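The block underneath contains the structure these notes are about, expressed in structure tokens.
These figures come from a predicted structure and were not determined experimentally. Keep in mind that the numbers below use all heavy atoms, side chains included, and drop hydrogens, waters and symmetry copies.
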Protein chains: 2
Amino acid sequence: MDQVRRVGGKGGVGRRRGGRPTLEEVAARAGVGRGTVSRVVNGSQQVSPETKAAVEQAIAELGYVPDRTARALAAGLTDAVALVIPEPEERLFSEPYFAAIISGVSTELAAADKQLLLTLNRDAQERRRLGAYLSGHRVDGVLLVSVHEDEPLPDLLRQIELPAVLSGRRTAGEAVPYVDSDNVAGAREAVAHLAGRGRRSIATIAGPRDMYVGQARLAGYREALSSAGMRAREDLVAYGDFTEAGGRAAARELLAREPDLDAVFAASDLMAAGALRELRAAGRRVPEDVALVGFDDSAVARHTDPALTSVRQPAMEMGRAMVRLLLAEIAERSAEPPHLVLPTELVVRASS
Amino acid sequence: MDQVRRVGGKGGVGRRRGGRPTLEEVAARAGVGRGTVSRVVNGSQQVSPETKAAVEQAIAELGYVPDRTARALAAGLTDAVALVIPEPEERLFSEPYFAAIISGVSTELAAADKQLLLTLNRDAQERRRLGAYLSGHRVDGVLLVSVHEDEPLPDLLRQIELPAVLSGRRTAGEAVPYVDSDNVAGAREAVAHLAGRGRRSIATIAGPRDMYVGQARLAGYREALSSAGMRAREDLVAYGDFTEAGGRAAARELLAREPDLDAVFAASDLMAAGALRELRAAGRRVPEDVALVGFDDSAVARHTDPALTSVRQPAMEMGRAMVRLLLAEIAERSAEPPHLVLPTELVVRASS
DNA sequence: ATCACAACTGGGAGCGCTCCCAACGTACTC
DNA sequence: GAGTACGTTGGGAGCGCTCCCAGTTGTGAT
């Protein structure tokens with residue numbers, strides 16, 4: 001029986017390493033020891049040019065590719081990072097924000113030659129299993145997107161000493177490293193823009209109360225009103241859940257409370273799109289009767305009619321920044337959890 | 001690049017994730033051998049109930065979580081699957097199709113307790129590195145989305161004997177396992193719908209010629225015309241690249257060739273959205289003057305004004321099916337490359 | 001009592017790699 | 001000449017697990 005060929009895997013499912021050469025074989029062929037090949041592969045300076053050349057030739061001849069699994073086991077580092085998105089799929093579909101984050105993360109990770117493990121966690125049950133997953137030593141760090149205030153995962157991760165970075169913070173004083181966009185300033189700018197156009201009765205459709213991002217945008221709304229010398233009226237604030245349906249319901253509510261409102265700032269484009277529909281249904285013209293501004297500058301914003309003025313978040317850049325922060329944390333844990341707040345940009349279109 | 005490796009090798013202690021218990025420690029605590037613990041963890045029937053209970057208690061007490069890296073190395077199976085999306089990020093953002101595929105894949109993979117490795121490959125250079133990645137023994141199989149006709153990856157994968165499943169096929173006689181939606185039938189239904197509404201001059205904005213999906217939808221268009229007793233006119237076919245801009249340019253072209261066209265079937269919603277803009281700009285009313293149908297039933301379709309009639313692809317289900325096929329291939333390679341073609345559904349809205 | 005056979009169980013032998021250390025030059029110094 | 005320093009190098013000792021093979025025990029048949 002050939003031990004060389006012998007492969008594991010229960011149920012007879014062969015190990016599929018059809019003769020893939022190992023470090024050892026490269027070493028034999030190059031006439032050097034394992035350690036030397038390892039040094040060459042990992043770019044150590046401690047190898048003489050001639051030896052290096054010989055090893056590289058052997059690698060080329062054999063078509064050797066290092067086994068990352070073995071490397072991970074021996075070195076204790078997996079060179080992989082998990083991206084956790086604890087959201088129902090509807091949002092994943094409709095919010096290009098996620099796609100942009102993923103794209104940014106992917107780009108930056110590829111540059112660092114790290115791998116991306118994607119985890120979509122719809123429900124709490126899956127979330128629980130995730131803990132085991134992550135402690136199963138398969139990733140060096142975790143990227144967490146769209147965390148709710150009561151999300152326990154970040155703390156769990158800290159407990160098992162797995163570096164993590166959030167996109168967005170759970171609270172104002174977030175204790176875990178994060179990257180966020182300047183939601184307060186973005187909202188402020190949007191509302192100031194509305195005020196600047198002479199709108200006097202500016203309502204807002206805020207995000208969920210249990211998400212910092214919702215609170216922040218609402219705070220920006222209030223700040224802008226106050227700066228413009230307007231009184232903040234609680235009856236001009238309605239809450240939505242970032243969905244189109246939620247936005248529509250919120251708009252209906254606002255219209256009922258204040259039929260004369262002449263502007264709406266929605267904390268997401270999807271909610272703005274819902275509001276747009278409701279305003280239309282209620283016979284309001286946009287922007288003539290009611291100006292409308294959204295948040296996210298998503299594809300939806302460009303396709304409504306009229307196209308939505310919206311606050312652009314640098315989602316892709318946020319993804320990249322998250323990775324940079326995470327890799328730094330993996331290399332060396334910093335004493336203070338670092339964070340980064342990126343600026344937003346108001347994109348003015350026909351709706352305001 | 002990784003000089004500051006954190007311990008390992010010798011001394012036994014000091015490894016990265018502090019006191020995570022090992023199989024061996026569980027064995028010691030339960031007073032059994034390693035093999036027995038392994039059997040319990042992997043659900044073997046060959047363990048007496050008492051022993052099993054003892055081991056399970058030890059596992060619970062110690063909070064033991066198997067190390068997947070070690071398992072992968074020893075067993076030769078990684079329990080991970082790569083999802084490769086060789087697309088520029090623009091499409092990833094704008095086409096909810098990808099998000100839906102990802103979501104389906106993720107769901108099905110989670111159910112099988114497998115991990116999802118996501119790889120976005122913008123350019124050919126990254127694509128090349130991918131080969132090494134994949135042969136680096138980190139995944140048991142590969143899911144490939146949106147493959148162009150000249151994509152070499154599937155064949156490369158077959159060469160290194162890594163099971164793969166495509167979403168969509170490269171050619172009519174695809175030799176690699178795939179899951180596809182019935183593009184021909186979908187297009188046929190869309191065009192038949194247009195003909196059924198009395199449209200006589202039905203143009204199409206087809207997808208890229210080098211993608212099977214483009215060809216298939218074009219074929220469906222022709223079949224439907226022929227079934228309706230209409231002559232296929234080549235001047236009523238324009239090609240786009242699945243983007244909005246491409247759709248707009250194609251619509252301009254069509255309008256120039258045949259000002260009297262009264263319907264357009266676009267091979268994607270994004271192209272339909274572009275066409276809608278161009279039709280408007282050219283003074284045509286939709287649907288009164290020109291009826292319009294898209295493909296994909298994406299979020300865009302719902303947000304244009306009028307909302308687009310579109311062909312829905314079961315993208316999420318396709319993702320799930322891909323995983324099922326792949327897992328089957330991993331378990332046991334089938335002689336004939338299996339494939340699955342899922343039905344589409346016409347969603348009629350205001351544009352037609 | 002003996003034997004055959006099954007049901008269990010322990011632990012050796014790796015999987016392919018990284019780490020580290022001792023050992024080897026070689027080139028200087030004193 | 002011995003002594004010191006340093007740049008290289010080979011290979012032992014694991015990393016935590018699975019696989020598999022010999023036990024070991026228990027059971028029923030002879």
Side-chain angles (χ1 to χ4, degrees), chain A residues 1 3-17 19-28 30-52 54-55 64-79 136-138, chain B residues 2-17 19-28 30-52 54-55 64-79 136-138:
Chain A
M1 216 225 307
Q3 325 217 358
V4 192
R5 213 35 10 155
R6 116 98 86 264
V7 269
K10 50 198 294 202
V13 175
R15 182 175 304 203
R16 46 198 80 269
R17 66 167 223 86
R20 241 158 24 71
T22 69
L23 227 209
E24 192 106 34
E25 286 162 35
V26 173
V32 301
R34 282 198 332 280
T36 303
V37 177
S38 177
R39 264 166 238 134
V40 170
V41 169
N42 293 297
S44 158
Q45 299 302 307
Q46 297 288 91
V47 185
S48 75
E50 308 84 62
T51 311
K52 189 172 175 223
V55 170
Y64 169 73
V65 177
D67 184 321
R68 300 198 129 209
T69 300
R71 199 211 286 271
L73 181 58
L77 279 178
T78 63
D79 280 347
H137 186 239
R138 276 300 278 245
Chain B
D2 37 26
Q3 53 281 67
V4 196
R5 280 247 126 105
R6 209 161 304 220
V7 197
K10 208 131 178 189
V13 210
R15 204 141 238 283
R16 212 170 172 342
R17 212 130 326 121
R20 238 157 33 72
T22 69
L23 228 211
E24 192 107 34
E25 285 162 34
V26 173
V32 300
R34 282 197 332 280
T36 302
V37 177
S38 177
R39 263 167 238 132
V40 171
V41 169
N42 293 295
S44 159
Q45 298 302 305
Q46 297 289 90
V47 185
S48 74
E50 307 83 64
T51 311
K52 188 168 174 229
V55 171
Y64 169 74
V65 177
D67 183 322
R68 305 196 81 147
T69 300
R71 198 210 288 270
L73 181 59
L77 243 23
T78 63
D79 279 349
H137 186 238
R138 277 300 278 245

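Arg138(A) places its CZ atom 19 Å from the P atom of dC15(D), with the value rounded to the nearest Å. The distance between atom CZ of Arg68(B) and atom P of dC17(D), rounded to the nearest whole Å, is 12 Å. Note: CG (Leu23(A)) to P (dA13(D)) measures 19 Å, nearest angstrom. For the pair Glu50(A) CD and dG7(D) C1', the interatomic distance rounds to 12 Å; values are reported in whole Å. Nucleotide dT18(C) holds its P atom 11 Å from the CG atom of Leu73(A), rounded to whole Å. One interatomic measurement links the two molecules: CD of Glu24(B) to C1' of dT18(D), which rounds to 13 Å at whole-angstrom precision.
In terms of the side chain to side chain donor-acceptor pair (under 3.5 Å) criterion, residue partners of Ser48(A) (sequence neighbours excluded) are, by chain and number, Thr51(A). With sequence neighbours excluded, no residue satisfies side chain to side chain contact (heavy atoms under 4.5 Å, CB included) with Ala54(A). Residues satisfying the side chain to side chain donor-acceptor pair (under 3.5 Å) criterion with Thr69(B), sequence neighbours excluded, are absent altogether. For Arg34(B), the salt bridge (Lys or Arg N to Asp or Glu O under 4.0 Å) criterion is met by no residue, not counting sequence neighbours. Residues that satisfy the salt bridge (Lys or Arg N to Asp or Glu O under 4.0 Å) test with Arg71(B), not counting sequence neighbours, are absent from this structure.
Contact annotation: Ser38(A) side-chain N/O to dT18(C) OP1/OP2 distance is under 4.0 Å.
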Check: protein-nucleotides 23-26 of chain C nitrogen or oxygen pairs below 3.5 Å:
none

Output a table of nitrogen or oxygen pairs between the protein and nucleotides 6-12 of chain C separated by less than 3.5 Å.
unit_1	atom_1	unit_2	atom_2	d
dT9(C)	OP1	Ser48(B)	OG	3.0
dT9(C)	OP1	Thr51(B)	OG1	2.1
dT9(C)	OP2	Ser48(B)	N	3.1
dG10(C)	OP2	Gly33(B)	N	2.7
dG10(C)	OP2	Thr36(B)	OG1	2.6
dG10(C)	O6	Arg39(B)	NH2	2.8
dG12(C)	N7	Arg34(B)	NH2	3.2
dG12(C)	O6	Arg34(B)	NH2	2.6

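Within the 4.5 Å cutoff, side-chain heavy atoms of Thr78(B) are placed close to those of Arg138(A).
Counting all heavy atoms, side chain and backbone alike, Lys52(A) lies closest to Val47(A) at N-CG1, 3.8 Å. Taking every heavy atom of both residues into account, Gln46(B) and Ser44(B) meet most closely at N-OG, 3.0 Å. The heavy-atom pair separating Ser38(B) from Leu23(B) by the smallest distance is N-CD2, 3.9 Å. When all heavy atoms of Val41(B) and Tyr64(B) are compared, the closest pair comes out as CG2-CE2, 4.0 Å.
Minimum atom distance to the side chain of Asp67(A) is reached by dG16(C), of the listed dT18(D), dT18(C), dG16(C).
In summary, of the residues considered (Val32(A), Thr36(A), Val37(A), Val40(A)), a side-chain contact (heavy atoms from CB on, under 4.5 Å) with Val26(A) occurs for Val37(A) alone.
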Map every base of DNA chain D to its dot-bracket character, where paired means a Watson-Crick or G-U wobble contact with both distances under 3.5 Å and | marks a partner outside the strand.
||||||||||||||||||||||||||||||

